[in-house]
Structure formats: structure tokens, C-alpha cells
Amino acid sequence: MAVNGKGHKPPEPAQLAEAIEVLKRTVGSYGWSMHPGLIEPHAVDWTGSIRGDSPLLLKPATTQEVVKIVGICRQYGLKIVPQGGNTSLAGGSVPSGDHVEIIVNLARMNKVRAIDTINDTITVDAGCLLASIQAEAANAGRFFPLRLASEGSCQIGGNLATNAGGSNVIRYGNTRDLVLGLEVVLSDGRIWNGLRALRKDNMGYDMKQLFIGSEGTLGIITGAVLKLFPRPASIATAVCAVPSLQAALELLALSKQRTGGQVTAFELMPRNGLELVFKHFPACRMPLDKLYDWQVLIEFSSIDEAVSQHERIEATLSEAYASGLIVDAAIAASIEQGRSFWAIREALAEADMKEGATIQGDISVPISAIPDFLDSCSSAIANAVDGARIIAFGHLGDGNIHFGVIEPEAASTEDFLARSNEIEEIICDHAHRFGGSVAAEHGLGAMKTNAVLKYRGDVEHDLMLAIKHSLDPQDMMNPGKLLQASRPLL
Ligand SMILES: Cc1cc2nc3c(=O)[nH]c(=O)nc-3n(C[C@H](O)[C@H](O)[C@H](O)COP(=O)(O)OP(=O)(O)OC[C@H]3O[C@@H](n4cnc5c(N)ncnc54)[C@H](O)[C@@H]3O)c2cc1C
């Protein structure tokens, strides 16, 4: 068997043409495209900064078709890029450009296989949109808590492959915490059927956790059993101005204390970020009379109908106001108004990009270290890049900050982007120095393939590489992503 991709020769043109014909027949006329105009949106990442190429886009309709695709690609020496909604912010979902890579998009595998409201589980195809799963859960009187601004486009397979986080992590955990079972097509063409709906299962290694967060490098996820939760009966949302980041953290602690741990979201929104939101999304409205340096969006929720979260948030914010932890607040008077608060938060990332070329650091540090991290990292960036605009926002409640650096107004975009590695390194080095992660929720993708070795050391790197070599010895699955699979063990 070939190891590390060695001995896995790329196909000759005639062989490639033959392989493409066999693959097209396998998925039928609705399951493929070779039209460059149709392939292009699948070969460019969401940020537009990573662009690959592929001779063929496949959209299988069943797990059996995925099995056949893997077998054919293996036989002809073709690489595979598993793809969901292509909303990756790390360049993980598009071809690397170094090989002949076939894009396998799971959009047609979009069926709910089963819902069990006694076991509180939903079993789905991996190509289901996240928003559809939320809606199916709601129709069954249940709640699926994964919540991302991209939920209308991303697929659950992509969420699983990236271990997506989002804004409800503080209460419900990451995707990893929401899964009971998986079905995966391995690089050798076998199906691993781990579609179990068990809350207790100690039969050896937890294989599903290996595939969650593996970013398509170990196999193609085709199905999942997800946990469902009771629907919240009462939700309250507020936007508060805080006098400092330290006050925001004390407000978080107070909120946890006063709700018995029922804070669902705690999101940081800076003045300069909101200015860009109102500039580029004029329909968004600020709920406070004016902008402050730091705002937080807070959400409390409870399944207990007897406890009004509106009253609870009002009481908590009154206490916070009296002790100087907030200087202003607006509590949403309706679900509709709550949604308009969220629209502001969810526009922050796109507003940065509309403003200009942006380098986005997706880092996490222990929550208590956030003020010092932001201070130190912002000074380092300001010293390195004259006029850089720093927009730090995001999931304060779980320590995940999106640290954006927008090009200086006076500089050329080309010069700014030429320094992107240097800027990313400053952000990542700071996160590491403060005990953090350089890939908090978006994954490593194509952008950070050296990060495990650099920041986690040779032991962790070798463990990961050994797993990759063992499960995908020909480096067929999403080459050039997560780590450099062609490296030998150290
Ligand atoms: C506006 C916006 C907001 C976002 N907010 C958040 C956020 O709050 N939190 C967060 O975590 N992310 C966020 N993201 C990033 C992105 O939406 C998530 O990473 C999401 O989980 C990706 O899902 P996808 O279906 O688009 O996957 P893709 O982008 O298609 O793929 C992502 C990775 O998963 C692999 N993959 C996809 N499907 C499969 C499969 N079936 N089997 C194996 N591997 C597969 C791909 O190869 C790739 O490596 C945001 C993105 C945007 C554009």
C-alpha cells in the first residue's frame, strides 16, 4: 500500500477522461457538471481569496454513490475535496490546485432519515442544510441549538467536519457536543456505520470524534445522529454598553450566576465594527442612543414557562447598572426586535470585508485573558502596520474572538495583502502566548497547515499525522488541508 501519497501517480490525460466518464455514469445526469461556469463557485472559497480548479463537480444522491466515487477515484489516482455549503473561512472546502481534485458536494443528500422525540435524536443525511435541521427539529417540537450566521447555506456535514462553534456554544457546546453517531465513507471505499443513537457507549475509542473536526481529510461524512433539546419557552435578548472589557467579563459572570447557567449567547460588538455595519448595511439599526467603545449582545433562554427571561434579564441588568458594569442597555420587546439585534451582530464579519481587504484571525484564549490579549495584540499590530484598522468581535462568552485587521485607508491593497502572513503570525503568536488556539472554530483549512507543528509541538503533530497516514495512506482526501500529510513523522 502506498504511504504518504507516494506511489499514487496522477492519471494520464486519457485515463483522466476515462475516469470522468465512469464517475459521470455513477451519479447520473443530475449528479455532475463539467461546465466551468458551474464549477467555478465551488472552486473559490467564501472569502474569494482561495481559488482552486477541478475538471469535475459531483453531487451524489446516496451513500452508495459516494462509495463508488471513492472507489473510482482511488483506482484512477484522483484526489477528492469533500464539500458542503462552501462557507469555510479557512479555505478548506476548495481544491488546493496541486493535484487533479474532484469536488464531491453533498447537497443532494439532504434527507432527514428519522426523528425520535423519545430518544431526542434526529438522523440526517450529511448534505442537509443546518437551517433545515433547525426547522425539522422545531416542527417536531424540539430544538437543535447549533447557530451560525451561515446556517442558511452551510450543511451539517460541513459543520461536523469543521466542528463548527457559533453563538450558542456557551450553553450547548460545539458541534462535537451535539452528535451521537456518524456514517463515514473511508478512503478505502468502506462505509463505517457508526450511526448509533446512544448516550452511553464505552466500546473502545470514540471513532466519531476522530472524524468531527477532521476537515474532510479522513473520509466523507454521509450521515449523522444529532441530539435534540427541549424548545426554549422564554427567550430574552439585550444589547448593553459596557465601560470596559473587564466589566463585560464581570457582567458575564453575573449573568451566569443569576440565570443558573442559562446564558445562551454573550457576544462582543466594538464601536468601530458597528460603524462599518451601519455604513454597509443601512437597514441595520442601533438599539442604543449612541455607540460606545464596547457593546455586548446577551441572550438568556429557559425551557421553564414559569420563568420570564425578560424579567430575569431586566433584573440582572438593573443590578449590573447599579454596580457600574453597564452604562446603557436595550432589551428587545419582541422576538422580532431580538432578531434585529442579532442582525447587527451577524453583519459584523461581512461589514469588515465590504470595507476593504481583511485579515481575519479566528482565535480563542481563556476568557479571563481576553482583555490582556486584545491589548497586547492590538498594540503589536498597530506597531507593525501603520493605520491598520482592528475590529475585534465575536463569541466573548466562550473566549473566541474574531480579530480582524482591515487594510489602512491610505495604503495599497496589494502591499497590505503581501504582509498577510506576517500579520496572521502576530495574531497567532499572541493567542498562543496567552494560552490560546489559533483555530478556534473555523478550522485550519488551507491557511494554517503548519500551525499544529508550530503551536502544538511534534508529539501532537505526529499523533495527527499517524492518524492521517493510517486512515488515508494515499493522501486522497482533501490534500493540502489541515496539515502537510506528505511530511514524514518527526
Ligand atoms: C457569514 C459566515 C458566518 C460564519 N459564522 C461561523 C460561526 O459563527 N462559527 C463557525 O464555526 N463557523 C462559522 N462560519 C464558517 C462556516 O460556515 C463553518 O465552518 C461551517 O461549518 C462550514 O460548513 P459548510 O457546509 O459550508 O462546509 P464547507 O465550507 O463546504 O467545508 C468545510 C470543511 O469541511 C469539509 N467537509 C464539508 N462537508 C464534508 C463532509 N460531508 N464530509 C467530510 N468533510 C466535509 C470540507 O472539505 C472543508 O474542509 C461562518 C461562515 C460565514 C460565511
Side-chain angles (χ1 to χ4, degrees), residues 41-48 50 52 59-60 63 66 70 79-96 101 103-110 124-131 133 146-169 174-176 182-187 210-224 265 267 342 345-354 360 362 364 393-395 398 400-402 439-449 472 477-482:
H42 294 269
V44 182
D45 81 327
W46 190 84
T47 66
I50 299 205
K59 292 192 175 174
T63 300
V66 176
V70 170
K79 312 277 183 185
I80 290 175
V81 184
Q83 190 179 72
N86 195 18
T87 64
S88 165
L89 297 176
S93 50
V94 295
S96 66
E101 294 169 49
I103 301 171
V104 178
N105 185 297
L106 297 211
R108 288 174 72 222
M109 292 183 62
N110 58 4
V124 295
D125 282 352
C128 284
L129 290 179
L130 173 55
I133 295 174
L146 186 62
R147 173 182 199 167
L148 320 179
S150 55
E151 62 202 21
S153 313
C154 62
Q155 299 173 9
I156 193 69
N159 304 146
L160 290 157
T162 55
N163 183 28
S167 47
N168 285 353
V169 169
N174 294 284
T175 304
R176 195 180 284 295
L182 286 188
E183 176 187 85
V184 182
V185 175
L186 305 174
S187 77
L210 204 53
F211 294 100
I212 299 171
S214 65
E215 301 185 47
T217 61
L218 299 181
I220 304 179
I221 299 169
T222 48
E267 301 282 313
W342 274 105
R345 159 63 189 92
E346 287 173 349
L348 275 161
E350 240 178 306
D352 287 7
M353 288 174 56
K354 281 182 186 285
Q360 199 68 262
D362 167 41
S364 63
F393 68 92
H395 315 301
D398 60 39
N400 175 197
I401 298 293
H402 298 308
E441 64 172 6
H442 298 158
L444 297 164
M447 295 174 176
K448 295 177 184 162
T449 54
D472 183 22
M477 294 292 176
N478 216 4
K481 313 291 165 45
L482 198 142

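All ligand and atom numbering here is 1-based and tracks the order in the structure. The chain is numbered in sequence order, starting from 1.
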Any protein N or O within less than 3.5 Å of an N or O in ligand 1? List each pair with its distance, or say none.
from, atom 1, to, atom 2, distance (Å)
ligand 1, 8 (O), E441, OE2, 3.4
ligand 1, 9 (N), G166, N, 3.3
ligand 1, 9 (N), E441, OE1, 3.0
ligand 1, 9 (N), E441, OE2, 3.0
ligand 1, 11 (O), G165, N, 2.9
ligand 1, 11 (O), E441, O, 3.3
ligand 1, 11 (O), E441, OE1, 3.4
ligand 1, 17 (O), T87, OG1, 2.6
ligand 1, 17 (O), S150, OG, 2.6
ligand 1, 21 (O), N159, ND2, 2.9
ligand 1, 21 (O), T162, OG1, 2.9
ligand 1, 25 (O), G85, N, 2.8
ligand 1, 25 (O), Q155, N, 2.8
ligand 1, 25 (O), Q155, O, 3.4
ligand 1, 26 (O), G85, N, 3.3
ligand 1, 26 (O), N86, N, 3.2
ligand 1, 26 (O), T87, N, 2.9
ligand 1, 26 (O), T87, OG1, 2.6
ligand 1, 29 (O), T87, N, 3.0
ligand 1, 29 (O), S88, N, 2.8
ligand 1, 29 (O), S93, OG, 3.4
ligand 1, 30 (O), G84, N, 2.7
ligand 1, 30 (O), G85, N, 3.4
ligand 1, 30 (O), N86, N, 2.8
ligand 1, 41 (N), I221, O, 3.0
ligand 1, 42 (N), I221, N, 2.9
ligand 1, 47 (O), P82, O, 2.6
ligand 1, 47 (O), N478, ND2, 3.0
ligand 1, 49 (O), G92, O, 3.1
ligand 1, 49 (O), E215, O, 3.1
ligand 1, 49 (O), N478, ND2, 3.3

Closest heavy-atom pair and its distance - L482, S214: CD1-O, 3.5 Å
Any S364 side-chain heavy atom under 4.5 Å of D398 side chain: no
Side chain D45, main chain V94, donor-acceptor under 3.5 Å: no
Closest non-hydrogen atom pair, T175 against N163: N-OD1, 3.4 Å
Criterion salt bridge (Lys or Arg N to Asp or Glu O under 4.0 Å) on K481 and E215, from CA distance to verdict: CA-CA 8 Å; K481 313 291 165 45; E215 301 185 47; over 6 Å; no
Any L106 side-chain heavy atom under 4.5 Å of I220 side chain: yes
